[in-house]
Amino acid sequence: MANKTTHNKKNNNTKKNFRGNNSSPKKTSKTVTDCTYKEGITVKELAEKINVSASDIIKFLFMMGKMITLNTSIDDDTIDLIAMQYNVNITKEEVADTNSLEDDQPDDPKDMQLRAPIVTIMGHVDHGKTTLLDFIRKTNVTEHEFGGITQHIGAYQTDVNGQKVTFLDTPGHEAFTAMRARGAKMTDIVVIIVAADDGVMPQTKEAIDHARAAEVPIIIAINKIDKHNANIDKVYNDLADYGIIPEEWGGQTMFAKISAKSGLGVQNLLEMILLLAEVLELKANPNKLATGTVIESKLDKGRGPVATLLIQNGTLHAGDCLVAGSSYCRVRKIIDDKGREIKAAYPSMPVEIVGLNSVPEAGDRFKVFDSEKKARQVAQNREEIKIEAERRNSNGMSFDDIAYQIQEGNLKEINIIVKSDVAGSAEAVKSSMEKLSNDEVKVSVIRATAGAISESDIMLASASNAIIYGFNVRPDAKIKKLAAENKISIRLHNIIYKALEELEAMMKGMQAPVYQEVVLGQATVRQLFKVSKIGTIAGCIVDDGIIKNGCSVRLIRDGVVVYTGKLGSLQRFKDNVKEVKAGYECGLTIEKFNDIKEGDIIEGFEDQEVKEDNNAN
């Protein structure tokens with residue numbers, strides 16, 4: 001029998017007081033005394049159920065300050081008001097969730113097999129997490145990160161003494177609290193790195209809290225022990241104060257002393273991981289349809305939506321019908337962490353899949369279904385639920401000039417839309433921005449997704465008076481024009497904490513930074529010319545603004561920044577020119593970059609000094 005939550009009739013005094021307002025609409029038809037409803041019921045559907053005019057309900061809610069239409073889905077609190085007004089018992093049916101992506105099939109103990117441990121590396125920023133993984137994998141990831149800070153979760157599987165171990169590398173900067181929390185929830189063992197010269201820092205304690213909340217065993221790796229100012233005893237004492245007692249002191253936590261840079265002590269750490277994994281007896285059932293978690297996702301310029309998945313149970317095969325969040329696909333390709341295409345992925349393996357119809361969100365669950373029809377239906381249902389929830393959360397905000405309104409004390413809420421090249425960054429930015437809320441101003445991120453800034457984002461921003469923040473994505477000329485027409489502010493960044501500093505400064509009414517990036521214009525590549533000794537010359541037409549010789553440029557493909565550098569040369573009819581304005585054709589090159597394609601957008605920009613207002617208070 002379905003579980004039910006009843007919106008009971010209130011006592012007579014309450015009803016009398018509620019209806020005491022003479023402006024309340026009169027009931028024009030005989031109501032029923034009992035009825036049931038399901039999540040997402042509209043005004044029209046509820047009116048039919050209780051045999052009341054829909055217009056009466058709309059008028060009643062209007063008097064209560066709620067603006068709705070016939071097709072508006074109404075929440076439980078609003079239904080409670082209607083039940084009280086029309087003297088009916090309205091009961092909600094809690095139906096079984098047929099759209100769940102959790103692994104709900106019990107496993108036969110005989111099918112369970114040992115699997116590789118999933119290990120999350122956590123710790124404070126710059127304490128050596130990625131450097132440790134670099135040493136283990138014998139590769140170099142750090143140099144590819146903006147500012148040397150890891151901004152996405154990486155997943156890698158490595159052989160340790162002939163056994164597989166899966167590592168998750170979570171960002172250590174404070175902005176990525178949500179990503180670390182997500183990493184802890186899908187992991188078996190947490191390795192917390194503490195730099196011997198820095199000691200226990202805020203994110204160290206945060207990482208410990210995440211691991212404890214997830215009830216995951218911890219191994220402490222004390223890094224940089226070869227530095228002259230290393231103080232291992234202080235690290236031991238600080239951790240003991242926080243309840244982490246080493247085995248040599250009679251506690252239960254394994255401590256490893258390492259140097260991630262030189263590799264000193266790393267083998268000992270890996271052996272500790274294998275020993276702990278053996279004690280945990282980690283198992284999964286490979287003989288079933290796969291379930292697991294989306295670690296990362298992005299819109300790839302050549303392959304479309306791509307997601308990195310962590311298989312947690314079952315086996316994923318090429319050709320499987322899969323739902324991840326509200327996205328679905330028949331898996332076209334499975335690629336392992338070393339870039340090789342494989343036919344099947346087993347428990348504890350991190351893999352990249354190609355073929356999704358849209359970009360899922362990092363942290364979404366995924367599940368394989370036995371038919372494409374079923375997968376498509378579940379994905380569509382989940383998308384409808386997501387859109388409805390997003391629409392309900394998109395409350396308007398009245399302001400003309402955000403900074404002015406904050407200074408005047410009139411602005412109570414800032415709505416923000418976040419678009420990023422990968423979903424993990426979008427989620428992290430959302431979490432960090434909402435943390436900036438204070439008693440005077442609330443920061444509300446109403447959408448945070450991966451992909452280029454779209455017309456849909458502009459329309460949502462217009463409807464809710466939101467600011468759009470883009471990370472490693474750039475709007476094309478059409479989107480910029482649409483944003484300008486709707487007076488939507490688009491802020492573009494590639495380092496998250498700078499965006500947070502900007503938003504925080506605006507909330508505090510501080511002045512703009514001394515230097516500010518100014519976009520000069522955009523040009524579309526129409527034709528390509530390959531010239532020896534020069535490289536690729538792009539024949540372009542300037543769509544918007546101007547392109548200046550020697551300016552900085554971004555090459556944008558499908559709304560995502562592919563390369564940032566300097567303009568090499570700018571010509572019109574074989575003559576070098578200083579600038580080319582909108583509507584004119586030109587030929588240009590980009591310094592040290594030749595991978596230009598027809599249809600690419602080249603955006604020119606420069607840093608301009610912002611003059612300080614000496615008369616400011």
Go through it in stages, so that I can follow the logic: the residues are V562 and K301, the test is side chain to side chain contact (heavy atoms under 4.5 Å, CB included), and I'd like the CA-CA distance, side-chain angles, deciding distance and then a yes or no.
CA-CA 9 Å; V562 175; K301 56 183 178 288; 3.8 Å; yes

Let's go through L492 and I490 carefully: what are the C-alpha distance in whole Å and the side-chain angles of both, what is the deciding distance for side chain to side chain contact (heavy atoms under 4.5 Å, CB included) to 0.1 Å, and is it a yes or a no?
CA-CA 6 Å; L492 303 170; I490 299 178; 3.6 Å; yes

Side chain to side chain contact (heavy atoms under 4.5 Å, CB included) between V359 and K298, intermediate numbers included
CA-CA 6 Å; V359 181; K298 63 183 177 180; 5.7 Å; no

Given the rule in the salt bridge (Lys or Arg N to Asp or Glu O under 4.0 Å) test, do E352 and R303 qualify, once you have shown the distances and angles that lead to the verdict?
CA-CA 12 Å; E352 196 173 68; R303 298 179 295 166; 3.0 Å; yes

Just do the side chain to side chain contact (heavy atoms under 4.5 Å, CB included) check on I192 and I208 with the steps written out, would you?
CA-CA 8 Å; I192 297 176; I208 293 169; 3.5 Å; yes

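Taking K478 as the reference, E455 meet the side chain to side chain donor-acceptor pair (under 3.5 Å) condition, with sequence neighbours excluded. Remark: S55 engages S53 in a side chain to side chain contact (heavy atoms under 4.5 Å, CB included) (not counting sequence neighbours). Qualifying ring pair (Phe, Tyr, Trp, His ring centres under 6.0 Å) partners for Y242, counting only residues two or more places apart in sequence or in other chains: none. Residues satisfying the salt bridge (charged side-chain N to carboxylate O under 4.0 Å, His left out) criterion with D600, sequence neighbours excluded, are R557. With sequence neighbours excluded, the residues that form a side chain to side chain donor-acceptor pair (under 3.5 Å) with Q377 are N381. Listed by chain and number, the residues in a side chain to side chain donor-acceptor pair (under 3.5 Å) with S437 amount to none (sequence neighbours excluded). For T78, the side chain to side chain contact (heavy atoms under 4.5 Å, CB included) partners at least two apart in sequence or on another chain are L61, K66, I74, D75, I82. Residues passing the side chain to side chain contact (heavy atoms under 4.5 Å, CB included) test with A324, sequence neighbours excluded: V294, L322, P360, F366. Residues that satisfy the salt bridge (charged side-chain N to carboxylate O under 4.0 Å, His left out) test with K419, not counting sequence neighbours, are D457. Take R376 and apply the salt bridge (charged side-chain N to carboxylate O under 4.0 Å, His left out) test, not counting sequence neighbours, and it matches E372. For D544, the salt bridge (charged side-chain N to carboxylate O under 4.0 Å, His left out) test picks out K480, with sequence neighbours left out. Take R491 and apply the side chain to side chain donor-acceptor pair (under 3.5 Å) test, not counting sequence neighbours, and it matches E502.
For S420 (side chain) and V422 (main-chain N/O), a donor-acceptor pair under 3.5 Å exists by modelled atom type. Although no hydrogens or angles enter the test, the distance criterion places no donor-acceptor pair under 3.5 Å between the side chain of R365 and the main chain of E102. Formation of a donor-acceptor pair under 3.5 Å by the D543 side chain with backbone atoms of T524 is found in this model. Between the side chain of E603 and the backbone N or O of L555, no donor-acceptor pair lies under 3.5 Å.
Considering CD1 of I90 and CE of M84, their distance stands at 11.0 Å, rounded to 0.5 Å. Separating the OH atom in Y328 from the CZ atom in F369 is a distance of 13.5 Å, to the nearest 0.5 Å. Once rounded to the nearest 0.5 Å, the distance linking CG of N357 with CD of Q380 reads 9.0 Å. Between the CE atom in M122 and the CD1 atom in I218 there is a gap of 9.0 Å [rounded to 0.5 Å]. Between C329 atom SG and I353 atom CD1 the span is 4.5 Å, to the nearest 0.5 Å. Rounding to the nearest 0.5 Å places CD1 of I41 at 13.0 Å from OG1 of T72.
For the pairing with V445, the side-chain contact (heavy atoms from CB on, under 4.5 Å) check across V418, I414, N415, I417 returns one residue only, V418.
Inspection of the H124 and D198 side chains reveals no N or O donor paired with an N or O acceptor under 3.5 Å. A donor-acceptor contact under 3.5 angstrom links the side chains of S327 and S358, judged on distance only. Side chains of T308 and E296: a donor-acceptor N/O pair is absent below 3.5 angstrom, by distance only. In this structure, a donor-acceptor pair under 3.5 Å is absent between the side chains of E361 and S297.
Under 4.0 Å is where a charged nitrogen must lie from a carboxylate oxygen, and between E504 and K435 no such pair does. Comment: R554 engages E517 in a salt bridge, judged by a side-chain N to carboxylate O separation of less than 4.0 angstrom.
What you find for I50 and C35 is that their closest heavy atoms are CG2-SG, 3.5 Å. Nearest heavy-atom pair, V443 versus E434, reported as atom, atom and distance to 0.1 Å: O-CG, 3.5 Å. Contact record, I295 with A155: CD1-CB, 3.7 Å, taken as the closest heavy-atom pair. The shortest heavy-atom contact between I311 and V351 is CD1-CG2, 4.2 Å. Here the shortest heavy-atom pairing between F605 and T564 reads CZ-CG2, 4.0 Å. Minimum interatomic distance between L70 and T42 (heavy atoms only, all atoms of both residues): O-CB, 3.8 Å.
When side chains are defined from C-beta on, D76 counts as touching Y37, because their heavy atoms get closer than 4.5 Å. Looking only at side-chain heavy atoms (C-beta outward), L133 and I121 come within less than 4.5 Å of each other. When side chains are defined from C-beta on, I488 does not count as touching I467, because their heavy atoms never get closer than 4.5 Å. Put simply, the side chain of I458 reaches to within 4.5 Å of the side chain of I468, judged on heavy atoms. Using a 4.5 Å heavy-atom threshold, the side chains of L310 and T166 count as touching. Residues T120 and F167 form no side-chain contact, since every pair of their non-hydrogen atoms from C-beta on lies 4.5 Å or further apart. Using a 4.5 Å heavy-atom cutoff, the side chains of V119 and D188 are not in contact. Within the 4.5 Å cutoff, the side chain of I601 has heavy atoms near those of the Q522 side chain.
Within 6.0 Å of the CD atom in E485, the count of heavy atoms belonging to other residues, nucleotides or ligands exceeds 12.
A parallel orientation is assigned to the rings of Y469 and H493, their planes being inclined by less than 30° (bins at 30° and 60°).
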